[in-house]
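As structure tokens, the structure follows; a few thoughts come after it.
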Amino acid sequence: MEAVKFDNVYFSYDREERQGEQGDVFDLGGSYALRGINLTVQEGEFVAVLGHNGSGKSTLARLVNGLLTPDSGSVSVFGETATDDKKLFEIRKQVGIVFQNPDNQTVASIVEDDIAFGPENVGIPREEIGERIAFALNAVGMNEFRHATPSRLSGGQKQRIAIAGVLALRPRVMILDEATAMLDPRGRKEVMDVVLKLNKEERITVILITHFPEEALLADRAVVLHRGEIVLEGAPETVFEKGEELKKYSLVMPRPVRICRALTEGGVSVADSMDAEAIAKQIKERTAVLDVKNTETTHPCTSSLGVMPTYTGEDIGRVFCQNLSYVYNAKTAFATTALSGVDLEIYPGDFFGIIGHTGSGKSTFVQHLNALLKVPSAEKKYKPKKPKKGKPLPPKIVLKVNGYDLTDKTTDFLALRSKVGMVFQYPEYQLFAETVFDDVAFGYRNFNAKPSEAEVAEAVKAALETVGLNYEEIKNRSPFELSGGQRRRVAIAGVIVTKPEILVLDEPAAGLDPLGKEEIMSLLHKIHADWCKTVIIVSHDMDEIAENCNRAAIFAEGSVLSVDTPSALFKAADALSAKGLDVPFTAKITRALAKLGLKIENDFTETDFINQVLAYAKMAGAGTRLTGGADNA
Amino acid sequence: MRDVAFGQYYPSNSFVHKCDPRAKILFLIVYIVAVFLCKNFYALGACAALFILIACVSNVPFSSLLRSVKAVLFLLLFMAVLNLFLYDGQTVLWSWKFITITKEAIYYTIFLAVRLFLLVLGSSLLTLTTTPVSLADGIESLLSPLKLIRFPVHELALIMSIALRFIPILTEETGRIMNAQKARGADFETGGLIKRVKAIIPTLIPLLISAFRRADELGDAMDARCYSGSKVRTKYKKLTFTWRDLLALLFGVALLTGVILLRVYTQALI
């Protein structure tokens with residue numbers, strides 16, 4: 001049975017304005033969010049809708065359950081069209097939507113009350129609501145959280161509660177509108193597992209709107225939207241075959257598929273797979289034509305990454321930290337230790353990565369770097385304590401950033417902040433000024449005493465151009481009329497305008513689509529090359545760290561687990577997995593290969609991994625016995 | 001900002017937690033009236049005793065209760081100092097130029113302070129033992145006679161519940177925005193009043209914009225979950241009046257009677 005059917009649907013957001021004008025509505029094709037959509041989703045099907053930001057994919061979701069109505073054409077759900085309020089109500093019972101931000105779709109402060117909201121609205125009797133809550137919580141695996149408070153749950157848990165809230169209405173179709181975009185990899189997996197289960201076990205039709213290609217591969221069918229039109233459609237595997245075409249629509253292939261394709265192109269033919277072990281097995285089969293005996297491989301690290309800068313005694317751009325501990329709400333019932341004895345050194349010139357789960361202390365640590373959080377001895381009121389008898393003093397905290405001593409209360413913290421820039425998560429939501437110019441100038445005017453207008457303009461111009469924006473074009477516009485990506489760039493410009501030596505960014509790529517991520521990362525490399533000496537990024541995306549950082553630290557439970565080059569860190573993949581941390585996909589394949597007896601040395605960037613595998617294959621193929629691992633010695 | 005215990009619910013399964021919110025609200029009203037009718041320390045002592053009894057039964061840790069007092073500490077001190085110097089008494093204990101402190105003033109100040117403490121503690125005990133949702137339900141139910149005069153009781157209750165739900169989210173967001181501004185050299189700590197108010201504006205704008213964005217998204221999410229006002233709506237949590245609530249109200253009435261009797265038969269402090 002047809003669950004959802006789009007029949008030649010056109011939709012535009014400025015319909016009201018346009019209706020006042022004369023002429024055919026179809027003239028203004030440019031302003032349409034959707035143009036002539038024909039799409040049928042069968043009952044029980046799992047369809048992924050892909051598209052970059054602004055492709056119209058969220059509009060599609062809102063049309064299905066009548067949050068929006070089409071300008072022309074029709075959208076029907078199980079044969080019914082929302083022609084009046086009564087039918088609309090019926091359709092909304094059938095179609096549930098889970099939105100992007102879990103915080104903004106919860107109405108109540110207790111989980112069960114929130115889940116009850118939907119059933120209450122449609123007039124379900126009390127006793128049955130109780131059963132439905134139990135069913136919904138069970139389906140998302142959150143039984144024990146029935147009486148919990150949503151604001152204290154993790155992102156993935158919150159989103160599962162949102163799914164449960166929709167499930168309690170017993171919908172036959174579920175739409176996920178970028179429901180995983182704001183989650184960390186762990187939360188994303190939690191949500192996708194639930195969605196798959198609902199589709200397979202409860203036979204709920206799923207429409208998954210996403211910009212993560214990995215998620216689309218789980219679907220039965222993928223639909224690619226571009227500028228309001230369906231441009232590609234088919235099994236996800238075949239859709240991702242069209243690499244070049246995808247690029248045209250600002251989409252990328254999933255990383256595993258990209259790796260398989262690159263290997264195939266290089267002569268080691270590997271069929272597409274999302275599974276690291278399956279890929280490793282294929283590589284082994286393709287290359288193990290020879291009975292190789294050597295277990296040691298020596299592929300020198302060729303990439304420019306993974307190089308340790310040597311410390312030259314220079315303080316600019318350096319972070320030196322010893323014994324740093326921090327307790328939130330100290331001396332109250334709510335005291336929580338965020339940091340316990342962190343030792344870490346970040347060298348001038350590092351592109352440094354800080355990895356860890358939510359709650360590992362990484363955000364607390366970086367907030368110390370520009371004294372947003374201060375060690376006790378830097379507080380104004382601090383008086384040194386006399387040591388008590390029999391009680392040893394806590395180890396002395398050392399925290400030096402860019403030459404400033406952050407344990408001394410006489411340090412000029414304002415000057416420090418101008419030299420240590422900090423970009424917070426989703427910085428675009430922190431813009432406030434009337435024009436882009438004023439917003440970027442804010443920091444410059446705060447840090448410099450009475451700068452002349454010419455100086456301000458020069459600094460703002462340089463900052464905006466560094467982040468890749470056209471100064472003349474953008475300076476007088478309101479930050480609120482820019483696109484999301486532009487706004488993030490403006491926010492970064494607002495921080496680098498004071499020419500900081502150290503730039504700290506908390507999840508700089510959060511919420512962006514894959515192409516947007518790549519753009520932001522290459523922007524950061526540019527800033528690193530000719531603007532800030534040291535760049536520190538906080539991230540939970542291991543691939544991001546492997547691809548971009550020369551050194552990284554892993555935070556766990558408030559202390560530093562290890563500090564090294566990414567390739568050395570990820571070599572201990574098993575240890576990381578034991579801590580519940582993810583590893584880059586290339587590290588997963590490398591580990592699986594090692595288990596199969598094939599040791600490939602690489603630094604876990606995608607390019608280096610492919611190069612090393614191909615180099616190895618070449619040697620194996622050429623009949624030399626120089627390298628390789630053998631499982632039958 | 002985060003130190004203000006905004007009646008954050010303290011989960012437990014105590015007698016007080018299990019009481020009907022309506023009973024608790026009515027009890028609180030009776031209790032407040034009783035505290036206001038107190039004329040001397042005997043009556044106040046009776047109120048305090050009952051409060052301590054309830055607080056012990058409720059399982060709420062003392063530290064949580066005290067945090068709510070912290071929020072009004074400044075007001076309390078201000079009031080105390082004012083009373084101490086301005087209250088007219090007979091027994092002068094100490095005097096210097098135009099300042100005199102009398103024995104009566106000291107008693108009266110302590111009396112007022114205890115009274116205010118009891119009021120604040122009582123109300124925060126209600127919010128600590130009652131989830132915002134059931135509090136809103138209780139208010140809705142108590143106000144429901146107003147439906148007859150077409151007062152939008154259900155809508156009001158929903159607004160309250162959502163407002164309570166978003167307080168922790170917006171508090172967190174405020175902290176984040178302020179930190180971002182501080183990192184860009186904003187100074188919230190020094191300077192006069194005007195300078196500080198000016199410094200806050202850049203944080204208010206993004207906060208306001210984000211609140212509107214959230215409201216918009218919440219509206220969509222509510223629509224998608226079939227929200228359509230109160231026509232066919234049922235309620236999952238049905239409020240039921242039990243022996244517990246009767247007992248609670250009896251305690252309340254007993255307290256009120258006691259205080260009134262004390263008012264009639266004992267000497268007033270003032």
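Side chains included, hydrogens not; waters and symmetry mates left out as well; all remaining heavy atoms used. Letters go in sequence order (proteins before strands), and every chain restarts at 1.
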Compile the donor-acceptor pairs under 3.5 Å between side chains in residues 134-145 of chain B and protein atoms, sequence neighbours left out, one pair per line.
residue, atom, partner, partner atom, Å
B:Ser134, OG, B:Thr131, O, 3.2
B:Ser134, OG, B:Thr131, OG1, 3.0
B:Asp137, OD1, B:Lys235, NZ, 3.4
B:Ser141, OG, B:Arg22, NH1, 3.2
B:Ser144, OG, B:Ser141, O, 2.6

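- Taking each heavy atom of A:Ser109 and B:Leu164 in turn, the nearest pair found is OG-C, 4.4 Å.
- With rounding to the nearest 0.5 Å, the separation of CZ in B:Arg184 from CZ in A:Phe424 is 11.5 Å.
- In this structure, A:Asn370 and B:Ala183 approach most closely via the heavy-atom pair ND2-CB, 3.5 Å.
- Neither side chain, B:Glu173 nor A:Tyr429, offers a donor N or O lying under 3.5 Å from an acceptor on the other.
- Closest approach of A:Leu67 to B:Ala224, counting heavy atoms only: CD2-N, 4.3 Å.
- A 6.0 Å sphere centred on NZ of B:Lys198 holds no more than 12 heavy atoms belonging to other residues, nucleotides or ligands.
- Annotation: the span from A:Glu128 atom CD to B:Tyr236 atom OH amounts to 12.5 Å, rounded to 0.5 Å.
- We find the CE-CG distance between B:Met222 and A:Asn121 to be 7.5 Å, quoted to the nearest 0.5 Å.
- Going from atom SG of B:Cys226 over to atom CD of A:Glu120 covers 12.5 Å, rounded to the nearest 0.5 Å.
- B:Met178 CE to A:Gln430 CD: the interatomic distance, rounded to the nearest 0.5 Å, is 12.5 Å.
- Looking only at distances, a side-chain donor or acceptor of B:Thr234 sits under 3.5 Å from a matching main-chain atom of A:Ile124.
- Contacts between residues 200-213 of chain B and chain A, defined by a heavy-atom separation under 4.5 Å, are made by B:Pro202, B:Ile205, B:Pro206, B:Ile209, B:Arg213.
- Here the CG atom belonging to A:Leu68 is positioned 7.5 Å from the CG atom belonging to B:Asp220, to the nearest 0.5 angstrom.
- With salt bridges taken as basic N to acidic carboxylate O contacts below 4.0 Å, none links A:Arg62 and B:Asp223.
- The two residues A:Gln105 and B:Arg225 come nearest to each other via the heavy atoms O-NH1, 3.1 Å.
- Between B:Arg165 and A:Asp103 the shortest heavy-atom distance is NH2-O, 3.1 Å.
- Interface residue B:Leu218: backbone and side-chain heavy atoms are both found under 4.5 Å from chain A.
- A donor-acceptor pair shorter than 3.5 Å can be found between the side chains of A:Gln367 and B:Asn179.
- A:Asn101 approaches B:Arg214 most closely through the heavy-atom pair ND2-NH1, 4.0 Å.
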Report task. Report the C-alpha separation of B:Phe166 and A:Thr106 in whole Å, then their side-chain angles, then the decisive distance to 0.1 Å, and conclude whether the side chain to side chain contact (heavy atoms under 4.5 Å, CB included) test is met. Result -> CA-CA 9 Å; B:Phe166 274 88; A:Thr106 322; over 6 Å; no
